[in-house]
Amino acid sequence: MILDLIFPNRCLQCNRIVPCESLVCNICFEDIQFFHFNFVKENSFKERCNLLFPLENAFTLMEFQDKSLSRKIIHQLKYSSRENVGKSLADWTIERINFNDYHFDLIISVPLHSKKERERGYNQLHLYANILAKHLKIEHHCKDVIRKFYKKSQTFKTKKGRGDIENNFELNANLIGKHVLIIDDVYTTGNTMSQVAWEILKEPTNKVSVLVMAVDV
Ligand SMILES: [Zn+2]
């Protein structure tokens, strides 16, 4: 490939030349802040989510700290057009997280607003979610939840309690008695995840678990 010779793929951190499907070199790979705990029923990430919504379990691949390599990787996912970022993250997730004890019925990934997705050309979560869905032998429903507002909703400023929050998401499917694995890239305040979860949990027979690529610690 002539382009590979002119513009070889480089490690995100140290700039060494790496194979075209790699994000980082073997040396820098050791610097990625992977979560090391087993995702048993109770874990600190689940406890954090549980402050906002009820859930079965929570899984995360990496920690997300200032100036960390995981932050660079997520930045590449969001702002570069390198499709292999989502694939690498999915491969690492499958290697590190054991989902065997859980049965999910389907995956829902947090949607972009349709206008934003058109501008970008794709949703950066879809490749990741599709690979996970294939691994778990379930479906990824990328249209079951839609994002209502293009800009971030201002309604949170006036919120008094959970019941007063205007949800930025809307369920677009008839889900009953389903255990949904919700996928997003980064968990920071948990607002987005919580809104998507509550939309699914409006139907009381549904359950949710969450999987994110990184948690802001
Ligand atoms: Zn490197």
Side-chain angles (χ1 to χ4, degrees), residues 1-40 43-49 57-100 107 109-112 116-117 119-136 140 142 181-193 209-217:
M1 297 275 199
I2 198 103
L3 273 179
D4 288 346
L5 293 174
I6 303 169
F7 302 109
N9 189 35
R10 290 180 182 277
C11 170
L12 282 181
Q13 179 149 272
C14 70
N15 229 23
R16 281 191 188 92
I17 294 174
V18 291
C20 60
E21 69 283 0
S22 301
L23 298 179
V24 292
C25 70
N26 289 340
I27 297 163
C28 295
F29 185 79
E30 302 297 321
D31 291 342
I32 299 176
Q33 299 84 356
F34 289 115
F35 258 92
H36 291 293
F37 57 77
N38 288 325
F39 291 92
V40 289
N43 65 64
S44 57
F45 177 41
K46 182 190 171 187
E47 284 168 21
R48 195 165 144 188
C49 296
N57 209 342
F59 308 89
T60 177
L61 180 65
M62 303 182 292
E63 292 182 5
F64 192 69
Q65 292 168 344
D66 273 349
K67 298 189 178 119
S68 63
L69 181 52
S70 56
R71 185 172 284 262
K72 281 185 193 155
I73 292 169
I74 296 293
H75 192 270
Q76 284 286 312
L77 175 85
K78 284 176 180 266
Y79 303 109
S80 83
S81 54
R82 291 169 61 166
E83 211 182 10
N84 63 328
V85 183
K87 181 173 184 327
S88 294
L89 286 160
D91 290 344
W92 297 341
T93 301
I94 290 166
E95 281 163 22
R96 283 170 178 74
I97 302 179
N98 180 0
F99 297 101
N100 285 347
I107 287 175
S109 50
V110 172
L112 297 170
K116 196 165 180 185
E117 189 167 333
E119 283 169 5
R120 264 189 80 99
Y122 64 100
N123 178 326
Q124 73 273 9
L125 290 176
H126 284 180
L127 180 62
Y128 179 86
N130 287 341
I131 296 170
L132 260 295
K134 199 171 171 195
H135 173 69
L136 296 169
H140 168 216
C142 59
L181 180 65
I182 312 171
I183 288 184
D184 202 1
D185 44 21
V186 180
Y187 189 99
T188 46
T189 63
N191 265 340
T192 299
M193 187 60 88
S209 288
V210 306
L211 165 63
V212 295
M213 298 168 181
V215 172
D216 205 347
V217 291

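Heads up: numbering here begins at 1 and tracks the sequence. For ligands, and for the atoms within them, numbers begin at 1 and follow the listed sequence.
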**Study point:** Neighbouring protein N, O or S atoms of the Zn ion (ligand 1), below 2.8 Å
**Key:** 4
Review point. How many angstroms lie between atom CG of Leu89 and atom CD1 of Ile94, to the nearest 0.5 angstrom?
Key: 11.0 Å
Review point. Hey, are Ser109 and Tyr128 close enough side-chain-wise for a donor-acceptor pair under 3.5 Å?
Key: no
Review point. So, is the end of the Arg120 side chain (NZ or CZ) under 6.0 Å from the ring centre of Tyr122 and within 45° of the ring's axis?
Key: yes
Review point. Is there a donor-acceptor pair closer than 3.5 Å between any side-chain N or O of Ser22 and the backbone N or O of Val24?
Key: no
Check your understanding: Is NZ or CZ of Arg96 both nearer than 6.0 Å to the six-membered ring centre of Phe34 and within 45° of the ring axis?
Key -> yes
Review point. For the side chain of Asn84 and the backbone of Glu21, is there at least one donor-acceptor N/O pair under 3.5 Å apart?
Key: yes
